[in-house]
Participant: 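Below is the structure I would like to discuss, written out as structure tokens.
Every chain is numbered from 1, with letters handed out A, B, ... down the list of sequences.
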Amino acid sequence: MSTSSQPQFRYTQTPSKVLHLRNLPWECAEEELVELCKPFGKIVNTKCNVGANRNQAFVEFADLNQAISMVSYYASSSEPAQIRGKTVYIQYSNRHEIVNNKSPGDTPGNVLLVTIEGVEPNDVTIETIHLVFSAFGFVHKIATFEKAAGFQALIQFTDAETASSARNALDGRSIPRYLLPDHVTSCYLRISYSAHTDLNIKFQSHRSRDYTNPYLPVNPTAMEGLLQPVVGPDGKKQEPQSNVLRASIENMQYAVTVDVLHKVFSAFGTVQKIAIFEKNGGTQALIQYPDVTTAAVAKESLEGHCIYDGGYCKLHLSYSRHTDLNVKAYSDKSRDYTISDPSLLATQVPGLPAAPNAWQNPQGVPVHHGTDYSASAAIQGQPPAGQVPAWDPNFQARPTYGSVPGQTYQSLTAPTYVNAARPAGSSPLSQPGASSMPMQQQQQPPWANVRQGGAAVLGRPPYYSR
DNA sequence: AGCACA
């Protein structure tokens, strides 16, 4: 009667609190797994869509006995374990814990992160990207940027389902050749999910679009052709200047905090925002000034200098492509000094113009996969259900035909934050001390004043040495 | 239907 040599017992494993489940239905959801397993104990971790057919999964119980009870139950049950009517085969995993490699990119969301491989950014226009992805649903916004990984785009759909259908159809595929310049033979799309839910597109430009907001001003500096490299006196091309500096910190023997950077870079003018992040195994920071001139002076003065004596924390400066950073107002890795009282932000309702610069999203997550400082991407409040995603009311320019976009934008922004909001390229507003002070400051730098601000914690004053 | 891969 009893069949003691069922095939599934041929590979009997030593018990583990991790169970291996197979023959799962297509795209079996974690919830379905949990439903099946939770009667036997507390599930502490899962890994779904495993295997070539993505029809296997792992479930980890809190306790070994819970896993044993589930395996024992179905070993003797006349009813097999089932999900959606499909028999699920359960056995002990040969590992004893789930190492969750669930990268953020595998967590579905309505925004896709697309890496376009094998092309120069100019080979694929934003119109092409829009065309390709519109096949799956309304594309709300696109932001493109260049990264070490290549040319990338964030593409915002209405919901995760639409985004997922686009990802499933296009991941690993090439953009059709007829949409590409002749010299490009193929360009493969690597698609993952972004953690963003609402991109903060500030301008319509060749690198970013907001298809939900026809009145969004066109960024004069971001338009094609205007971002020409500066040709230096030696005839060599220089990177385009920017009001935002990128600092790579070499030989970082001591912690470089936001406060330290603020102290150092404030010597040359008002520092508006700072963001620190890790890139390529090193520490980098973005420092935003109100204008290019101030940034240029700071760059020239600080390049190659060390924050601490002894060759520690040597600064290498370049111009960022960004002109306005999206950073958390106050965190250990970022600061927005244009926000007068960060505590106000806690009470700010997303989507409402509660604070003068509500466009500076308090919940903004500047770091995306560790490196995404795209000035045009940040999480905003979720759009109300059934509505077009809200763009920031402060940001919604009325049709002011004939005016300069940059100035239109300024006038719509609360006056106190004009500096913070001013797009690069418009004429620099007077910035007290910005142009004249730095040189003097360089002679008599601020370390004399540095106290407990961060450097003193380290027991040595900041010091710039060659 | 038979063990994950960043």
Participant: What I want to check is whether the side chains of A:H322 and A:S242 have a donor and an acceptor closer together than 3.5 Å.
Facilitator: no

Participant: Are side-chain heavy atoms of A:E35 and A:K38 found at a separation under 4.5 Å?
Facilitator: yes

Participant: Please pick, from B:dA4, B:dC3, B:dA1, the nucleotide with the shortest atom-to-atom distance to any side-chain atom of A:K47.
Facilitator: B:dA4

Participant: Any side-chain N or O of A:R95 under 4.0 Å from OP1/OP2 of B:dA4?
Facilitator: yes

Participant: State which of B:dA4, B:dC3, B:dG2 makes the closest approach to the side chain of A:N94.
Facilitator: B:dC3

Participant: A:N45 CG to B:dA4 P: how many Å, rounded?
Facilitator: 16 Å

Participant: Using atom CG of A:D106 as one end and atom C1' of B:dC5 as the other, report the distance to the nearest whole Å.
Facilitator: 11 Å

Participant: Base, sugar-phosphate, or nothing: which does A:N23 touch, judged by heavy atoms less than 4.0 Å apart?
Facilitator: sugar-phosphate

Participant: Start at the 5' end of DNA chain B and walk down; is the nucleotide closest to A:N49 or to A:K86 reached first?
Facilitator: A:K86

Participant: Please state how far atom NE2 in A:H20 lies from atom P in B:dG2, giving the value in whole angstrom units.
Facilitator: 8 Å

Participant: Separation of A:Y89 atom OH from B:dA1 atom P, in whole Å?
Facilitator: 6 Å

Participant: Between A:S93 and A:L19 (side chain of the first, backbone of the second, donor and acceptor by atom type, cut-off under 3.5 Å), is there such a pair?
Facilitator: no

Participant: Atom CG of A:L24 and atom C1' of B:dC3: how far apart are they, to the nearest Å?
Facilitator: 12 Å

Participant: Using side-chain heavy atoms (C-beta onward) and a distance below 4.5 Å, is A:L199 in contact with A:I142?
Facilitator: no

Participant: Tell me the salt bridge (charged side-chain N to carboxylate O under 4.0 Å, His left out) pairs involving residues 68-85 of chain A, sequence neighbours left out?
Facilitator: A:E32-A:R84

Participant: I'd like to check A:L189 versus A:R173 (side-chain heavy atoms, cut-off strictly below 4.5 Å). Are they in contact?
Facilitator: no

Participant: Find the distance A:L19:CG to B:dG2:C1' and express it as a whole number of Å.
Facilitator: 14 Å

Participant: Where along residues 53-63 of chain A does a heavy atom come under 4.0 Å from DNA chain B, residue by residue in number order?
Facilitator: A:Q56, A:F58

Participant: Run the side chain to side chain contact (heavy atoms under 4.5 Å, CB included) check on A:K299 and A:L317 step by step: do they pass?
Facilitator: CA-CA 6 Å; A:K299 180 174 180 290; A:L317 297 166; 3.9 Å; yes

